[in-house]
2 protein chains.
Amino acid sequence: MTTMSDGEEIVFEQPCPIRDVLDRIGDQWSLLILEALAPGTLRFNALMREIGDVSKQMLSRTLKQLEQDGFITRTLYPEVPPRVEYTLTPLGRSFLEPMRQLVAWADAHHGAIVAARARYQARQEQT
Amino acid sequence: MTTMSDGEEIVFEQPCPIRDVLDRIGDQWSLLILEALAPGTLRFNALMREIGDVSKQMLSRTLKQLEQDGFITRTLYPEVPPRVEYTLTPLGRSFLEPMRQLVAWADAHHGAIVAARARYQARQEQT
DNA sequence: GCACATGGTCTAAAAAGCAGACCATGGGAT
DNA sequence: ATCCCATGGTCTGCTTTTTAGACCATGTGC
């Protein structure tokens, strides 16, 4: 399954699918983008405004990866100025479900985390 | 966002709990560590062997963050040579459930992702 | 004629991550 | 006695990643 056409790009068999998937969605921006796209289609700049503190380059790069892995589709309308729309694919939408569990957990336990942080800090200052 | 240098941390008001939690668990190593710790307590070097390609520095740093946020406990036994054990807290264990959903999804859809990648690459080569 | 908006890419600088050296110390092999 | 290893980290450069900001082509409103 390794493709030799580009010569440089050698893809290894990933023995651990979890690791492979985590490498993609476990970065700084992927989950945020997917979450932003959950309510519906968004354009590039709208996505950037939605997320707030992502650089153009990283947004562009991460979107490309998500498209590559089949989470989203990129549609270019050849108008002027150009319009580009990003939409979740069925695969992307199917990912929303486990992600929502994660988000629900985050919401439910955020207080506990903040408390743990405070406890930790207090313990540090005590010494 | 929070900047973290060893020993001194500046915590901003996080208006979005999801964002706050994602910043912690959404890095290269946290999920992997939590997964490795799921079966039971592990020592530092055992953890390093388990994960395989993490540097001591990042493992140490990430463990410190996880401890800080209450996901794990660090127990130092003052023997020689020193022994340090890392264990999931109840909070950490409660996180395992949504994480398992994620892992299950990854397992189930890994094939689709690989296929999407192949399709994307074929499309690129066509031009 | 001028600035603006679009969706990016390019570049230089800053930040994060890496491998490997180093630490103190006790135990086992030589 | 001496050498060497194992422990859990931290420190030091070097490499990779991310960032901010300039730049691009072009059609529209002023």
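Letters go in sequence order (proteins before strands), and every chain restarts at 1. Basis for what follows: all heavy atoms, side chains included, without hydrogens, waters or symmetry-related copies.
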B:Lys64 side chain, from C-beta outward: closest of D:dT19, D:dT7, D:dT10: D:dT10
Closest nucleotide among C:dG7, D:dT19, D:dT7 to the A:Val84 side chain: C:dG7
Taking only the side-chain nitrogens and oxygens of [X], find out if one of them lies under 4.0 Å from OP1 or OP2 of [N].
| X | N | answer |
| --- | --- | --- |
| B:Arg61 | C:dG17 | yes |
| A:Ser60 | C:dG7 | no |
| A:Arg43 | C:dT6 | no |

Nucleotide [N], atom [atom2] - distance to [atom1] of [X] in whole Å:
| X | N | atom1 | atom2 | value |
| --- | --- | --- | --- | --- |
| A:Asp27 | D:dT18 | CG | P | 7 Å |
| A:Tyr86 | C:dG7 | OH | P | 8 Å |
| B:Arg83 | C:dT25 | CZ | C1' | 17 Å |
| B:Gln28 | C:dA15 | CD | C1' | 16 Å |
| B:Ile51 | C:dC18 | CD1 | P | 11 Å |
| A:Met58 | C:dA16 | CE | C1' | 12 Å |
| B:Met48 | D:dA6 | CE | C1' | 12 Å |
| B:Trp29 | C:dA16 | CH2 | C1' | 13 Å |

Geometric class of the A:Trp105/B:Phe71 ring pair [parallel <30°, tilted 30-60°, perpendicular >60°]: tilted
Under 3.5 Å, is there a donor-acceptor pair between the side chain of [X] and the main chain of [Y]?
| X | Y | answer |
| --- | --- | --- |
| A:Thr89 | A:Gly70 | yes |
| B:Ser30 | B:Arg24 | yes |
| A:Thr62 | A:Met58 | yes |
| B:Arg43 | B:Val84 | no |

Listing time: all N or O pairs from protein to nucleotides 21-30 of chain D that are below 3.5 Å?
none

A:Val114 reachable from A:Tyr120 in the ILVMFWY side-chain graph, under 4.5 Å edges: no
Residues that B:Arg83 engages under salt bridge (charged side-chain N to carboxylate O under 4.0 Å, His left out), provided they are two or more places apart: B:Glu79, B:Glu85
